[in-house]
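Numbers restart at 1 for each chain; the letters A, B, ... are given by sequence-line order, proteins then strands.
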2 protein chains.
Amino acid sequence: MSKSVTLKEVAAKAGVSYQTVSKVVNNKASVSPETEKRIWGVIAELNYTPNYNGRSLRRQRSNTVGYTWEPSPADQANPILDAFLQSMFRAAEEEGYYLLCFPFHADDVRMLKVYHQLYNTGRVDGFVLSRLNYGEASVPFLLENKIPFVAFGRLEDQDQSFPYIDVDGGQGIAQAMDHLVSLGHRRIAALAWPEDSRVGNNRLEGYYRGLAKAGLMSDPNLIVRGEGTSAVGFEATTYLLGLPVDIRPTAIVCMNDMMAIGAMQAVRTAGLQPGRDIGVTGFDDTPTARYLTPPLTSISQPIPAIGENLMKRLIEYLETGSYPEPRCELVAPNLEIRESTAGYVPAKGRS
Amino acid sequence: MSKSVTLKEVAAKAGVSYQTVSKVVNNKASVSPETEKRIWGVIAELNYTPNYNGRSLRRQRSNTVGYTWEPSPADQANPILDAFLQSMFRAAEEEGYYLLCFPFHADDVRMLKVYHQLYNTGRVDGFVLSRLNYGEASVPFLLENKIPFVAFGRLEDQDQSFPYIDVDGGQGIAQAMDHLVSLGHRRIAALAWPEDSRVGNNRLEGYYRGLAKAGLMSDPNLIVRGEGTSAVGFEATTYLLGLPVDIRPTAIVCMNDMMAIGAMQAVRTAGLQPGRDIGVTGFDDTPTARYLTPPLTSISQPIPAIGENLMKRLIEYLETGSYPEPRCELVAPNLEIRESTAGYVPAKGRS
DNA sequence: ATGCTTGAGGCGAACGTTCGCTTAGAGAGA
DNA sequence: TCTCTCTAAGCGAACGTTCGCCTCAAGCAT
């Protein structure tokens with residue numbers, strides 16, 4: 001922090017009381033046009049910027065929003081981090097807010113303590129949460145302590161107890177299913193996440209919807225669960241390709257790009273060609289998805305719009321005391337079709 | 001911000017003046033052990049946390065560090081962002097500091113205004129800069145205004161006018177060259193960046209060093225410059241593979257992974273196999289590098305250590321008024337050898 | 001002339017800290 | 001006993017704002 005120009009210095013130079021300068025700065029009327037103009041002149045001349053610590057102290061708000069997120073493992077990039085952060089602090093800046101980033105702790109008790117600390121020390125006015133999962137401890141904690149927040153993601157489908165925006169992952173997977181069905185695929189497998197993943201279940205639900213819409217039966221043999229890594233994708237796919245040829249899938253829908261990467265490797269390892277022999281789709285539309293061999297069909301989320309919307313929502317609440325309607329929102333992802341689902345020729349004789 | 005417990009409330013309950021409580025909180029001696037214990041008891045009981053706006057106002061420092069970065073285009077992930085941010089705010093938290101993120105502006109004037117604003121409003125005590133390039137306007141501006149900062153990256157090799165940590169990209173490329181030479185490659189091409197890129201030039205310099213060390217001549221035909229995208233990598237490699245067979249390269253060293261991705265595609269398109277026929281190396285060790293086909297040999301940077309070090313350095317300066325020695329540091333990257341440089345069989349007859 | 005309204009601006013106080021000085025009292029040395 | 005030092009604690013002030021209330025003078029209707 002620097003020794004910077006204060007209200008009093010501006011006031012002295014402009015020949016008014018410093019409180020009057022404050023009024024001008026904050027657009028609180030009852031100042032004559034001439035005086036106001038003169039004051040603005042002095043402000044520009046001295047390059048005055050209001051001290052935010054003084055302002056925050058008096059106003060009892062810091063114009064700062066906190067955000068934390070779980071770090072990605074080294075072999076797995078966070079596909080949305082850059083865009084999400086950028087969109088949030090860009091939207092924040094327009095309203096005179098900034099984004100404070102702080103460390104994530106896997107330990108719930110420790111994490112809640114940090115939230116509490118940050119809020120009670122007056123460092124932040126509220127939080128943005130992301131990647132919620134069943135049993136998220138932060139949500140009830142923040143609600144109970146009346147700490148403002150918005151979330152990217154929801155906990156339960158019908159729960160509107162806090163404001164959120166979420167991507168309808170199920171709809172994304174359903175789009176992928178429609179696409180595969182339209183190409184002629186009839187035996188479609190799913191590489192799903194463990195059952196304790198809310199996001200995973202939401203996406204998987206789109207798989208069932210897709211099957212139902214196409215009038216296909218779901219076959220438990222064709223659903224393999226595991227962590228969303230390429231290793232799991234590889235193993236699961238190797239298993240699927242080893243099934244008897246009459247029940248072997250011709251396409252594999254993966255709940256994220258990492259699994260799809262592993263799946264494509266397994267397809268090649270089995271001497272087959274992804275796209276032509278076995279359709280593969282991912283989810284996230286990782287930047288490198290389009291550079292894989294073959295380029296991966298994937299599902300992209302409108303991250304910038306979500307980040308901007310979340311931040312504006314939170315700020316509106318902080319400023320006015322109520323959230324804009326609708327309180328909760330579900331947005332549709334977009335299917336990006338590439339070669340990993342191109343060129344499939346259905347075998348004759350099968351419907 | 002919440003209505004939280006203040007010093008005065010703690011003091012009232014403990015039967016001392018609030019200034020004495022302040023002394024205890026800040027470990028400023030001259031308080032008897034019993035009183036101190038009693039005060040700590042009340043603090044715990046009331047769950048007191050010092051208000052940072054009051055503290056910042058009085059201390060004239062905010063314990064906050066600012067950081068901004070250029071957003072990546074949608075098809076190109078920022079390979080270091082997550083790790084860099086995490087390491088920075090983790091190190092900051094240990095010292096009671098936090099990281100404030102704010103929007104990047106390509107327009108220099110606008111960007112400098114933001115730096116000035118953030119510092120003069122007392123929102124931040126200093127900055128971390130990254131991705132410096134020739135003619136970076138922020139460096140002279142911050143130096144001139146005596147605004148504290150540290151940088152990830154340098155401007156000129158011998159310039160020590162500001163504290164920085166940089167990766168010796170040249171050494172990384174030189175490692176890749178050694179590796180390729182040891183495999184028997186004698187004609188090695190480089191996909192370089194435009195000449196106005198300081199980082200690019202630093203890396204390319206390692207290419208020349210590697211050639212010299214192996215006693216090989218540098219051939220201008222084998223150096224192609226362009227933006228660090230996969231499209232450029234593809235085109236440049238297509239050109240290189242079209243050269244007469246006696247001067248055609250057997251290996252291609254790329255200044256980043258994106259170019260290497262394009263290069264490998266071009267190699268395959270030409271009916272050759274990356275690794276066996278043409279060795280390819282990248283730089284950055286993007287998380288997906290290991291999942292490419294074939295897995296890409298690349299150069300990784302010790303990002304977490306750099307982020308932590310930078311933050312600690314800056315905080316030490318803010319606390320003590322001087323930077324720890326050494327003021328500037330160059331760290332070595334690490335070559336990650338994978339299949340894109342495996343299995344090469346040198347043609348007979350050539351040395 | 002009187003009283004009422006309105007606009008322009010001043011003023012004291014408060015937000016929650018920390019800083020530096022003062023003071024009361026205890027204990028020590030002469 | 002007197003002073004001198006030391007420790008524990010108190011006190012006033014200040015950091016830079018914003019808030020609410022007050023004052024003063026001009027304008028206007030009665």
Side-chain angles (χ1 to χ4, degrees), chain A residues 1-40 42-43 46-64 96 117 119-123 125 319, chain B residues 1-40 42-43 46-64 96 117 119-123 125 319:
Chain A
M1 266 177 60
S2 66
K3 282 269 164 282
S4 47
V5 184
T6 71
L7 278 182
K8 295 192 185 182
E9 297 173 50
V10 174
K13 190 144 193 172
V16 293
S17 75
Y18 64 93
Q19 293 94 335
T20 304
V21 179
S22 170
K23 281 179 193 165
V24 169
V25 170
N26 294 289
N27 283 322
K28 305 229 169 171
S30 84
V31 179
S32 74
E34 311 92 72
T35 315
E36 174 162 1
K37 197 175 161 193
R38 180 159 37 96
I39 292 179
W40 278 120
V42 176
I43 287 176
L46 298 184
N47 208 357
Y48 166 76
T49 48
N51 178 306
Y52 260 81
N53 295 309
R55 173 176 285 184
S56 294
L57 178 60
R58 177 65 233 223
R59 284 199 190 158
Q60 297 288 78
R61 61 173 33 201
S62 58
N63 285 29
T64 306
Q117 191 103 345
Y119 185 69
N120 274 294
T121 53
R123 284 226 195 230
D125 296 334
E319 301 276 325
Chain B
M1 267 177 57
S2 65
K3 283 268 164 279
S4 45
V5 184
T6 72
L7 278 184
K8 295 191 186 183
E9 297 174 50
V10 174
K13 191 146 192 171
V16 293
S17 76
Y18 65 92
Q19 293 93 335
T20 304
V21 179
S22 171
K23 281 180 193 164
V24 168
V25 170
N26 294 289
N27 284 321
K28 305 229 170 172
S30 85
V31 179
S32 74
E34 312 91 70
T35 315
E36 175 161 2
K37 198 175 160 195
R38 179 158 40 95
I39 292 178
W40 278 121
V42 177
I43 287 176
L46 298 184
N47 208 359
Y48 167 76
T49 47
N51 179 304
Y52 259 81
N53 295 309
R55 175 176 284 182
S56 294
L57 178 60
R58 178 64 234 224
R59 285 201 190 155
Q60 296 289 77
R61 61 176 29 206
S62 59
N63 285 30
T64 307
Q117 191 102 345
Y119 185 68
N120 274 295
T121 53
R123 285 224 193 229
D125 296 334
E319 301 276 326

Would you indicate, yes or no, if C:dC19 has its OP1 or OP2 atom less than 4.0 angstrom from a side-chain nitrogen or oxygen of B:Lys28? yes
Rounding to an integer number of Å, can you tell me how far B:Lys8 NZ sits from D:dG12 P? 12 Å
Could you state the CG-C1' distance from B:Asn53 to C:dA14, rounded to the nearest angstrom? 15 Å
D:dA8, OP1 or OP2 - any side-chain N/O from B:Thr35 closer than 4.0 Å? no
Side chain to side chain, A:Val31 and A:Lys37, heavy atoms closer than 4.5 Å: no
Report yes if a side-chain nitrogen or oxygen of A:Arg55 is closer than 4.0 Å to either non-bridging phosphate oxygen (OP1 or OP2) of D:dG16; otherwise report no. no
Under a 3.5 Å threshold, yes or no: a donor from one side chain and an acceptor from the other, between A:Arg123 and B:Thr64? yes
On a heavy-atom basis, which atom in A:Val16 and which in A:Arg38 lie closest, and how many Å separate them? CG1-NH1, 4.3 Å
To the nearest angstrom, how far is A:Glu9 atom CD from D:dC15 atom P? 10 Å
Taking atom P of C:dA8 as reference, at what distance in whole Å does atom NZ of A:Lys37 sit? 16 Å
Search all heavy atoms of A:Thr35 against all heavy atoms of A:Ser32 and return the closest pair with its distance. OG1-OG, 2.6 Å
Rounded to whole angstrom units, what separation is found between the CG atom of A:Asn51 and the P atom of D:dT17? 5 Å
Is there a side-chain contact between B:Tyr52 and the phosphate of D:dC15, meaning an N or O under 4.0 Å from OP1 or OP2? no
Please list residues of residues 14-27 of chain B whose heavy atoms come under 4.0 Å from any atom in DNA chain C, ordered by number; otherwise none. B:Tyr18, B:Gln19, B:Ser22, B:Asn26
A:Val24 versus A:Glu36, closest heavy-atom pair with distance: CG1-CG, 4.1 Å
Need to verify one output field. Residue with the more 5' nearest nucleotide on DNA chain D, B:Val31 or B:Gly54? B:Val31
Could you tell me how far apart B:Leu7 (CG) and D:dG10 (C1') are, to the nearest whole angstrom? 14 Å
Phosphate oxygens OP1/OP2 of C:dT17: is one of them under 4.0 Å from a side-chain N or O of B:Gln60? no
Tell me which nucleotide among D:dG16, C:dA8, D:dA14 gets nearest to the side chain of A:Ser32. C:dA8
If I take atom CZ in residue B:Arg38 and atom C1' in nucleotide D:dA8, what distance separates them, rounded to the nearest angstrom? 12 Å
Whole-Å gap separating P (D:dT18) and CZ (A:Arg61): 13 Å
Per the atom types in the model, does the base of D:dT18 pair as donor or acceptor with the side chain of A:Arg58 at under 3.5 Å? yes
Is there side-chain contact between B:Val5 and B:Asn47, with heavy atoms separated by less than 4.5 Å? no
By nearest atom, which of the nucleotides D:dT17, C:dT17, C:dG16 is closest to the B:Leu57 side chain? C:dG16
Write down the atom of B:Tyr48, the atom of B:Thr6, and the distance for their closest heavy-atom approach. CE1-C, 3.6 Å
